[in-house]
Structure formats: structure tokens, C-alpha cells
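Input: a single structure, listed below in C-alpha cells.
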Amino acid sequence: MRLPERVCLITGAGSGIGRETALLFASEGAYVVAVDLNESAVSETAQMINDTGADAVFVTADVSQPQDCEHMVAHAEERFGALHVMFNNAGIMLSEDGDAVGTDDAIWDKTIDVNLKGVFLGCKYGIPALQRAGGGSLINTASFVALMGAATPQIAYTASKGGVLAMTRELAVLHARENIRANAICPGPLRTELLMKFLDTEQKKQRRLVHIPMGRFGEAKEIAAAALFLASDESSFVTGTELVVDGGIRAAYVTPE
Ligand code: NAD
């Protein structure tokens, strides 16, 4: 077991990366607090875990709302006595998100509220709980678009993920002496609902695939495996890093300084 009796809160646990991570963490001995806006999806995730004999609860929450974030952390502590791993993973990619000239203010605000403010609020309420537990692991989902210009315009999404990456570095430095590690995961394009809805034609999918050296989309399970490393003691000297899981995109396009 790589997460024995660790209490792990995962946002966006109703689908994609969040659900796969919840299932994987539970199979490694964790107590899972599965959080999502979509109640039926997240209750299903918790049920899938409980059906295996492991222990999970679900919380319906909107990560852009302070009271919801306060509640999800309080619930984790009430139900399982502590919080050891906080995975701020929930995110959105809106089809109306485009270039700077054409993107509506409302699309910008909504994307930043969920993807960036949502991570901030997860930290605001999650970090005190990690402190009370004597330390822990904070993991934030960024994206490869935080590291390089995307081929498809999505200005608000890209800005939100750049913010997540910068914020994670600061958190890592500030909380290092409190035994709290903070790391980001930068997934490449994945075959999850979020991206497949955005790349809604075969032509758009093929255009993205051209840029991936492996020639395929990644799977949510492959990101869950990276999250497991960052959550577990195997990464005990790893903080402030970005774990890139992108099928080789960064290697193909970013030259070392
Ligand atoms: P997904 O759409 O399969 O899952 C996202 C989940 O987040 C959904 O269950 C949704 O209901 C939930 N959610 C959305 N808004 C929420 C809110 N306000 N409060 C709580 N929950 C909310 O997507 P995914 O691909 O698993 O994405 C997970 C994370 O990975 C996101 O942060 C996304 O930006 C990031 N990411 C995805 C890709 C990709 O290609 N899919 C690439 C890089 C990064």
C-alpha cells in the first residue's frame, strides 16, 4: 500500500482524472473524499470505491465558492479525523474560450473562477488542515499549456493554468518547513470529456494529435499514476515541481535555456 490510511481530498472526482485518481488512491489504502459539482457523478465515484471494500465519501461542491471549499475540508476532517493529501484538480475548458480579441469577459471570469480561484480556495482551506495533520501533500492540476503556447486559442484557460503553476511554486517555498509539499501536474491532451468536448470535430482532434510525439491522447489513468507518486512518500523530497505527463510534447517544442 502506497497511501495507507491517508485521507485524500480530490476535486473534480466525478469524471476523468479525478475519478481515476480517487479509484487508484483508494486501492492504495487511502480514505477518499471525492468532491465535484456534479452530484450524481461524484456519488457514483464514491459508490465504486465503497463497492471494493475501501472507504470513500462524496461532497457536492463548487470549488469557486469559498463556503463550499470550507465545507469540503471540514467534512474530510470530521469524517476521517485529518487531511493528508489535497488534490485541487477540478477544471473547465469552455468552447467559447478563444483568442484575446474574441473572448467574452464572462467566459474569462468563469474560467478563472473555477480553474484559478478554485485552486486558491482549495489551498486557503486545505492548507490549515494539512498543517493540523503535521504536514501533507498538495497537488494542483495545471496543464502543458502553462508551459508553451497552445496550437488552439484558449486564452482564459491558458492564463488560469499559468496562474496555477506560479501559485504552486510559491506555496511550495512558503510551506516547505511545515512538512507540506506542493507540486503541479501538467498533463498533455487527454482523452477525457473535457478535451473531447472542446475538440468536437475529427479535424480538431487530428490537428492536436500532430503535436504529440506519441501520436495519441493520454488517458486519465496515466495522470492518476503521476498523482499517486506526488501524494505518496516516494516523492518525499519533491516540492515546487511540475510533473509533465504529456506524451513528449514539451520535449518536442521547448528548448532548454
Ligand atoms: P473532466 O471534465 O473529465 O472532469 C472534470 C470534473 O470537474 C467534472 O466531473 C466536473 O463536473 C468537475 N467540475 C467542473 N467544474 C467544477 C466546479 N466548479 N466545482 C467542482 N467540480 C467541478 O476533465 P479532466 O480532463 O479530468 O480534467 C481534470 C483537470 O485536468 C482539469 O483541471 C483540467 O483543466 C486538467 N487538464 C486536462 C487536460 C485534458 O486534456 N483533458 C489536459 C491538461 C489539464
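Whatever order the structure lists them in is the order used to number ligands and atoms, beginning at 1. Remember, it's a predicted structure, so these values are computed and weren't measured experimentally.
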Partners passing side-chain contact (heavy atoms from CB on, under 4.5 Å) against Glu96 (at least two apart in sequence or in another chain)
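Only Leu94, Ile107 meet the side-chain contact (heavy atoms from CB on, under 4.5 Å) criterion with Glu96.
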Counting heavy atoms only, which part of Pro187 comes closer than 4.0 Å to ligand 1: side chain, backbone, both or neither?
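Near ligand 1, Pro187 shows its backbone as well as its side chain.
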Closest candidate by heavy atom, reference [atom], pool [options]:
atom                    : options                        : value
atom 39 (C) of ligand 1 : Leu190, Val114, Ile223, Ile185 : Leu190
atom 2 (O) of ligand 1  : Leu194, Thr45, Leu199, Val245  : Leu194
atom 18 (N) of ligand 1 : Asp246, Asp62, Leu195          : Asp62
atom 28 (C) of ligand 1 : Asn89, Val42, Thr11            : Asn89

Minimum heavy-atom separation for Val114 and Gly91, please, with both atom names.
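Smallest interatomic distance, heavy atoms only, reads CG1-CA, 4.2 Å.
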As a quick check of understanding, evaluate salt bridge (charged side-chain N to carboxylate O under 4.0 Å, His left out) for Lys124 and Glu70, giving each step before the final call.
CA-CA 9 Å; Lys124 184 177 177 68; Glu70 188 172 18; over 6 Å; no
Does [X] have a heavy atom less than 4.0 Å from any atom of ligand 1?
X      : answer
Phe144 : no
Glu20  : no
Ala220 : no
Ile92  : yes
Ala142 : yes
Gly188 : yes
Gly118 : no

Looking only at distances, please establish whether an N/O atom of ligand 1 is found under 3.5 Å from an N/O atom of Tyr157.
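The answer is yes, given that Tyr157 and ligand 1 share an N or O pair closer than 3.5 Å.
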Specify the protein heavy atom at minimum distance from [atom]: its residue, its atom name, and the distance to 0.1 Å.
atom                    : answer
atom 35 (C) of ligand 1 : Thr141 CG2, 3.5 Å
atom 21 (N) of ligand 1 : Leu37 N, 3.3 Å
atom 8 (C) of ligand 1  : Asp36 OD2, 3.5 Å
atom 1 (P) of ligand 1  : Ser15 OG, 3.6 Å

Which of the atoms in ligand 1, numbered in the order shown and given with their element, are less than 4.0 Å from a heavy-atom of Pro189?
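Per the distance check, 40 (O).
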What atoms of ligand 1 come within less than 4.0 Å of a heavy atom belonging to Gly16?
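Close to Gly16: 3 (O), 26 (O).
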What pairs meet the ring pair (Phe, Tyr, Trp, His ring centres under 6.0 Å) rule with one or both residues in residues 178-222, with sequence neighbours excluded?
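Every ring pair (Phe, Tyr, Trp, His ring centres under 6.0 Å) pair that includes a residue of residues 178-222, provided the two are not neighbours, is His211-Tyr253.
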Glu170 atom CD, over 12 foreign heavy atoms within 6.0 Å:
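Result for CD/Glu170: open.
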